[in-house]
Amino acid sequence: SSPVWKGGKGGDTPIRKRVEASTGGGRGGIHMPGQRGIRPEPWAGAGAYDITKIRGADGLFECEGVIRRWEEAFARRYGAKESLISCGGSTLCIQAMLALAAGPGEKVLFFRNIHKAALDAMILLDIRPVWLFPQDSGGEIGCITPQEVAQSLSRDREIQAVYITSPDYYGQIHDIGGIARACHEAGVPLLVDNAHGAHLKFLEEDLHPMTLGADLCCDSLHKTLPALTGSALLHMGPGSPFTWAAAKEAMGLF
């Protein structure tokens with residue numbers, strides 16, 4: 001149980017406890033995958049944690065047990081209405097966010113410094129981008145302002161959502177609170193690629209998008225927190241109009 005969860009629901013780590021229970025008591029694993037026991041040291045013991053959807057282990061897209069409890073623990077810690085685990089990194093979360101926010105042929109306002117995953121997703125989903133271009137500031141990409149967002153939304157009433165990357169690839173953090181207010185005044189949700197900011201919740205000043213008013217955001221746990229493989233989270237803000245079931249369906253699609 002990490003210090004991150006101190007003060008939570010008994011420091012609960014339900015997935016780990018369930019996997020350890022499945023490997024104890026002299027049980028023999030005859031399920032997939034088949035590579036247990038062939039890893040060299042120091043990884044030999046890790047094979048016991050590599051299990052499939054055996055009874056009690058839950059399933060990612062139809063979770064009602066230990067995975068669901070783990071998602072609920074993340075949601076409590078991040079102050080989200082819902083938090084969903086991704087095993088496809090923030091890419092899967094980005095795809096799901098855009099699928100939730102806009103339909104084929106609809107418009108989304110994008111700040112132009114987005115990740116390729118968002119470009120690919122808008123092509124697959126047939127989303128029409130409306131671009132906000134960064135201002136050049138001494139060779140670096142500047143931050144978008146709430147005023148620029150409000151002006152863009154005022155000019156084009158067909159925009160269904162606003163999508164920004166913060167922190168960006170220079171480490172700059174946008175005014176998420178101000179941008180969220182501009183979005184909500186216009187009646188559209190704010191989507192934040194927070195892939196490099198999973199740790200922002202735990203700073204002395206909480207700068208996480210969930211705290212500052214975003215409706216959807218993704219966190220890459222494997223970038224700034226201790227997680228293995230492409231671990232990520234998709235968060236829904238407390239006032240978000242989106243549902244856990246719809247998000248699971250979108251993530252399952254991709």
Side-chain angles (χ1 to χ4, degrees), residues 74-75 78-84 86 90-103 106-115 117-119 121-122 125 127-135 141-169 172-198 200-201 205-220 232-244 246-247 250-251:
F74 273 120
Y78 277 93
K81 178 176 77 172
E82 298 283 1
S83 295
L84 292 80
S86 165
S90 280
T91 292
L92 179 59
C93 300
I94 288 167
Q95 292 164 336
M97 287 197 297
L98 289 173
L100 289 169
E106 293 184 331
K107 295 180 180 179
V108 173
L109 181 66
F110 291 94
F111 192 39
R112 191 56 183 88
N113 65 340
I114 58 176
H115 191 275
L119 287 167
M122 77 171 74
L125 294 164
I127 288 173
R128 297 166 60 194
V130 177
W131 297 113
L132 261 177
F133 287 91
Q135 302 300 311
I141 294 176
C143 287
I144 193 173
T145 66
Q147 292 75 24
E148 289 174 301
V149 171
Q151 290 167 4
S152 296
L153 293 174
S154 178
R155 283 194 301 266
D156 192 337
R157 300 291 184 176
E158 293 183 354
I159 292 172
Q160 301 297 309
V162 174
Y163 180 104
I164 63 173
T165 303
S166 176
D168 65 15
Y169 300 104
Q172 299 175 113
I173 297 178
H174 296 252
D175 180 0
I176 301 296
I179 294 171
R181 287 190 292 273
C183 290
H184 297 156
E185 286 172 5
V188 301
L190 173 61
L191 286 53
V192 180
D193 174 357
N194 186 59
H196 290 268
L200 296 177
K201 183 70 180 176
E205 179 186 0
D206 182 352
L207 297 175
H208 195 273
M210 283 293 96
T211 305
L212 300 177
D215 296 282
L216 294 171
C217 85
C218 61
D219 289 350
S220 284
L233 290 173
L234 171 60
H235 300 291
M236 297 181 184
S240 168
F242 308 106
T243 67
W244 179 87
M251 295 175 83

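The figures that follow rest on heavy atoms only: side chains count, while hydrogens, waters and symmetry mates do not.
Residues passing the ring-ring contact (aromatic ring centres under 6.0 Å, His included) test with Phe242, sequence neighbours excluded: none. In this structure Glu205 satisfies the side-chain hydrogen bond (donor to acceptor under 3.5 Å, both in side chains) test with no other residue, sequence neighbours excluded.
Not a single donor-acceptor pair under 3.5 Å links the side chain of Thr165 to the backbone N or O of Asp168. A donor-acceptor contact shorter than 3.5 Å is absent between the side chain of Glu82 and the backbone of Ala80. With hydrogens and angles disregarded, a donor-acceptor distance shorter than 3.5 Å links the side chain of Tyr78 to the backbone of Ala198. Under the 3.5 Å distance criterion, the side-chain polar atoms of Ser152 are matched with a main-chain donor or acceptor of Glu148. No side-chain donor-acceptor contact under 3.5 Å links Asn194 to the backbone of Asp219.
Across all their heavy atoms, Leu125 and Gln95 have their closest contact at CD1-O, 4.0 Å. For the pair Ser220 and Ala232, the tightest heavy-atom approach, listed with the atom from each and the gap, is CA-CB, 4.1 Å. Of all heavy-atom pairs between Leu212 and Ala180, the closest is O-CB, 3.8 Å. Among all heavy-atom pairs drawn from Ala75 and Ser83, the shortest one is CA-OG, 3.3 Å. Nearest approach of Leu153 to Cys183, heavy atoms of both residues: CD1-CA, 4.0 Å. Closest of all the heavy-atom pairs between Ala161 and Ala101 is CB-CB, 3.8 Å.
Side-chain contact check for Pro241 versus Asp215: some heavy-atom pair is nearer than 4.5 Å. Using a 4.5 Å cut-off on side-chain heavy atoms (C-beta onward), Arg181 and Pro146 make no contact. The closest side-chain heavy-atom distance from Phe110 to Leu119 is not below 4.5 Å. At least one side-chain heavy atom of Leu190 sits under 4.5 Å from a side-chain heavy atom of Ile176. A 4.5 Å side-chain heavy-atom check between Pro189 and Leu216 finds every atom pair outside the cut-off. Within the 4.5 Å cutoff, the side chain of Val188 has no heavy atoms near those of the Leu109 side chain. Counting only heavy atoms from C-beta outward, the side chains of Ile114 and Asp193 never approach each other to under 4.5 Å.
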> Given Met236 and Thr243, is the side-chain contact (heavy atoms from CB on, under 4.5 Å) satisfied, shown in steps?
Replying inline: CA-CA 8 Å; Met236 297 181 184; Thr243 67; 5.7 Å; no
> Could you go step by step and tell me if Asp156 and Lys107 meet the side-chain contact (heavy atoms from CB on, under 4.5 Å) rule?
Replying inline: CA-CA 9 Å; Asp156 192 337; Lys107 295 180 180 179; 2.8 Å; yes
>> Walk me through whether Ile173 and Leu200 qualify under side-chain contact (heavy atoms from CB on, under 4.5 Å).
In response: CA-CA 10 Å; Ile173 297 178; Leu200 296 177; 4.1 Å; yes
>> Checking Asp175 against Cys143 for the side-chain contact (heavy atoms from CB on, under 4.5 Å) test, could you report, in this order, the C-alpha distance in whole Å, the side-chain angles of both residues, the deciding distance, and whether it holds?
In response: CA-CA 8 Å; Asp175 180 0; Cys143 287; over 6 Å; no
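Atom CG in Leu234 sits 8.0 Å away from atom SG in Cys217 (nearest 0.5 Å). In this structure, CE on Met251 lies 10.0 Å from CE on Met97, to the nearest 0.5 angstrom. Distance CG/Leu98 to CD/Gln160: 12.5 Å, rounded to 0.5 Å.
Ring centroids of His196 and Tyr169 are separated by less than 6.0 Å, placing the two rings close together.
In this pair, Phe111 and His174 present their aromatic rings perpendicular. The plane angle is above 60°, beyond the 30 to 60° band. In this structure, His208 and His235 have perpendicular ring planes: the angle between them is above 60°, well past the 30° mark.
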